[in-house]
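Counting begins at 1 with the first residue of the sequence.
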Amino acid sequence: MPTIQQVAKVAGVSVATVSRVINNSGRVVDKTREKVEKAIADLNYSPNMIGRNLRRKTTEVILVLLPNISNPFYAKTVSGITSVAKKNGFTVMVCSTNSDKNLELNFLNLLKYKLADGAILMSQEMTNDELSKFGQSYSIVQCSEYVEAQGVPYVTIDNSSAAYDAVSHLISLGHERIGLISSKGGYFSAAQRQEGYVKALQNAKIKFDMSLVKFGDYGYRSGMACAEQFLQMNTPPTAVFSISDPMAIGAMKKFQKSGLRVPDDIAMVGFDNVSFSQMCEPELTTISQPTYKMGCKAMDILLMKIENKCKVPEKTILNYNLIIRGSTVIN
């Protein structure tokens, strides 16, 4: 493997000059720059990025860890992160962990090896203690999904209150037998949304019935499967609240294929207000999260941690909106 010293020798310049060309720093005359660039190309030289970053103490790279790239919820959030990162001279590297803890740790090791300056986690498989240890040594912020980890701030919404409002909306329309499509995936938000569902029922003096709770994987097809389970019940629900829009839309499609009318025979409420929640018929009533703003805020906080400018807030709770559309109210 060629070294920077060999590049300097072939180009007939000093190592310092080669370094200035590579880092685009300092004054180098065009003729000399061309000689160095030709030597780099001829020798197929690649700079030692680890050594370079150790010297510079910065990489200007931010990691964004997602459980998968198929959920449309993440698109606007990453857009917000990227917008703030770009304005501050940082590049964003999006990493899909597939909810694999080992893969997640491999990505976070890039911080240890000085190949990234910080990370924004949009879900994590680590325990509270494991994440706390990373937070003590590296700049990390949680976005949307979170666990209570020391030294690792988070940006999110009040998922329990949002679910409470969604289910209360259905109750206000006269529904009492309300189904829930949740997930056993381990996300804290799923537990919070189920908590809000139960609280809304209790507040209306409606008995909680575990048989009305079905579990999917946040995907469209799993929503259809949950709807099929509801249809097989002796007394199906008259309304369903889903903790994600793709599952809600899948369920709504299955109900419609079975001959039920939405919202006349069964009402549907989703969560996240993804782009295609307005592309189905009828349009989906849903909880809208400020996804772009969430991403911007998470990146702002991460920059504060990287630069040690001031005290970083432990938690940031943003507002949400219940958007009422045709899946619950007949227009």
Hey, is CG on D264 packed in by over 12 heavy atoms from elsewhere, all under 6.0 Å? yes
Test K112 against every option in L115, N109, L110 by the side-chain contact (heavy atoms from CB on, under 4.5 Å) rule and name the one that passes. N109
Is there a donor-acceptor contact under 3.5 Å from the side chain of N128 to the main chain of A149? no
Using a 3.5 Å distance criterion without hydrogens, assess whether the side chain of S327 forms a donor-acceptor pair with backbone atoms of M268. yes
To the closest 0.5 Å, what do you measure between CG (L212) and CG (L180)? 9.0 Å
Pairwise distance CG(L43) to OG1(T3) - rounded to 0.5 angstrom: 8.5 Å
Is K133 salt-bridged to D129, cutoff N-O under 4.0 Å? no
Which label fits Y197 and F241: parallel for a plane angle under 30°, tilted from 30 to 60°, or perpendicular past 60°? parallel
Rounded at 0.5 Å granularity, tell me how far CD1 in I140 sits from CD1 in I120. 11.0 Å
Out of K214, R221, K254, which residue meets the salt bridge (charged side-chain N to carboxylate O under 4.0 Å, His left out) rule with E228? K254
D217 bridged to K184 by N-O distance under 4.0 Å: no
side-chain hydrogen bond (donor to acceptor under 3.5 Å, both in side chains) between D158 and Y164: does it pass, once the steps are laid out? CA-CA 10 Å; D158 187 335; Y164 180 94; over 6 Å; no
Between R193 (side chain only) and I243 (backbone N and O only), is there a donor and an acceptor less than 3.5 Å apart? yes
